[in-house]
Amino acid sequence: MELSGHIATDRPLLVLAVKEEAQFLDTDLPVLLTGMGKVNAAGALAAVLGRGPHPSRIVNLGTAGALRPGWTGTHVIGSVLQHDLDSDVLAALTGEVYGPPLDVSDQGGPTLATGDSFIADEEARARLALRAHLVDMEGYALASVAQRAGVPLRIVKHVSDEAGEGAARTWRESVADCARVLAAWAEANIPEYTA
């Protein structure tokens with residue numbers, strides 16, 4: 001976990017997983033690098049929000065794998081789900097639903113599947129494509145923490161790979177270009193970015 005800048009109640013907090021995704025950000029807004037995966041993302045954001053103050057909102061910028069053919073570009077996520085939590089089995093065992101899908105935008109948008117597995121095979125990709133458009137490793141965890149803290153969250157993902165064979169190689173090759181696009185999106189869409 002690495003936090004740069006100071007969180008204030010009248011400014012957003014930018015949250016990214018790793019420095020490679022943040023390398024072209026040029027802002028005085030606070031930036032939190034959580035590390036990869038749901039545990040790192042949830043732990044880092046909870047720690048920052050727990051010690052306060054809360055930002056006006058959280059903007060998660062990052063890369064995602066496309067689960068469906070033809071998905072490219074930058075997307076504001078509409079809802080997130082956990083693809084590696086067996087909610088149906090847990091509900092059958094306990095009678096309670098754990099980890100339901102979460103809405104993160106009132107404007108619609110694609111569904112993001114979050115899990116601690118880096119999706120790099122065609123079978124997993126096809127299975128997830130039935131439930132979501134994109135896949136990442138942090139979005140659901142951040143949404144859950146932000147919702148519990150009462151802080152609005154926007155998730156913005158740029159497609160880095162096709163979440164199939166060769167995805168790890170493709171991510172390494174494309175992450176710098178993705179970081180440029182995400183920085184440009186932040187500058188164009190976050191009014192406080194250059195303030």
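Nothing fancy with the numbering, it's 1 onward along the sequence.
Among all heavy-atom pairs drawn from L49 and P55, the shortest one is CD2-CD, 3.6 Å. In plain terms, the two heavy atoms of T34 and N40 that are nearest each other are O-CB, 3.3 Å. The two atoms that bring L61 and A186 nearest to each other are CD1-CB, 4.1 Å, heavy atoms only. The nearest pair of heavy atoms linking A132 to L67 is O-CD1, 3.7 Å. Here the closest heavy-atom approach between residue T111 and residue S79 is recorded as OG1-OG, 3.0 Å. Across I77 and P110, no two heavy atoms sit closer than the pair CG2-O, 3.5 Å.
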### Criterion side-chain contact (heavy atoms from CB on, under 4.5 Å) on E2 and K19, from CA distance to verdict
CA-CA 9 Å; E2 181 182 328; K19 66 182 183 231; over 6 Å; no

### Task
Go through the steps to decide whether V175 and V18 satisfy the test side-chain contact (heavy atoms from CB on, under 4.5 Å), and finish with yes or no.
CA-CA 10 Å; V175 69; V18 292; 5.7 Å; no

### Query
What's the verdict on side-chain contact (heavy atoms from CB on, under 4.5 Å) for F118 and V135, showing C-alpha distance, side-chain angles and the deciding distance?
CA-CA 9 Å; F118 188 88; V135 63; over 6 Å; no

### Query
Given H83 and I119, is the side-chain contact (heavy atoms from CB on, under 4.5 Å) satisfied, shown in steps?
CA-CA 11 Å; H83 70 76; I119 304 303; 3.9 Å; yes

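The distance from the CG atom of L45 to the CZ atom of R148 is 12.0 Å, given to the nearest 0.5 Å. Taking OG from S105 and NE2 from H75, the interatomic distance works out to 13.5 Å, rounded to the nearest 0.5 Å. Rounding to the nearest 0.5 Å gives a distance of 11.5 Å between CD of E173 and SG of C178. Here the CG-OG distance, from D136 to S160, works out to 10.0 Å after rounding to the nearest 0.5 Å. For the atom pair CG of L142 and OG1 of T114, the computed distance is 8.0 Å after rounding to the nearest 0.5 Å.
When the shell of 6.0 Å around CG of D10 is examined, it contains more than 12 heavy atoms from other residues, nucleotides or ligands.
Cluster annotation: L29 and V59 are assigned to the same hydrophobic cluster (Ile/Leu/Val/Met/Phe/Trp/Tyr, side-chain heavy-atom contacts under 4.5 Å, transitive). Transitive grouping of hydrophobic side chains (ILVMFWY, heavy atoms separated by less than 4.5 Å) keeps I58 and L25 in distinct clusters. Y140 and L134 fall within a single hydrophobic cluster, where Ile, Leu, Val, Met, Phe, Trp and Tyr are joined by side-chain heavy atoms under 4.5 Å apart, directly or via other members. One hydrophobic cluster holds both L153 and L32 under the rule that ILVMFWY side chains link at heavy-atom gaps under 4.5 Å. No continuous path of hydrophobic side-chain contacts links L3 to L33 [ILVMFWY only; heavy atoms under 4.5 Å].
The side-chain hydrogen bond (donor to acceptor under 3.5 Å, both in side chains) test with K157 is passed by exactly one of N60, T74, T63: N60.
R57 places no side-chain N or O within 3.5 Å of a backbone atom of P152 that could act as its donor or acceptor partner. When atom types are taken as modelled, the side chain of R125 and the backbone of A66 share a donor-acceptor pair closer than 3.5 angstrom. Side chain of E138 to main chain of G37: a donor-acceptor pair is present (N/O by atom type, distance under 3.5 Å, no hydrogens or angles). For E187 (side chain) and A184 (main-chain N/O), no donor-acceptor pair under 3.5 Å exists by modelled atom type. Although no hydrogens or angles enter the test, the distance criterion places a donor-acceptor pair under 3.5 Å between the side chain of R11 and the main chain of D28.
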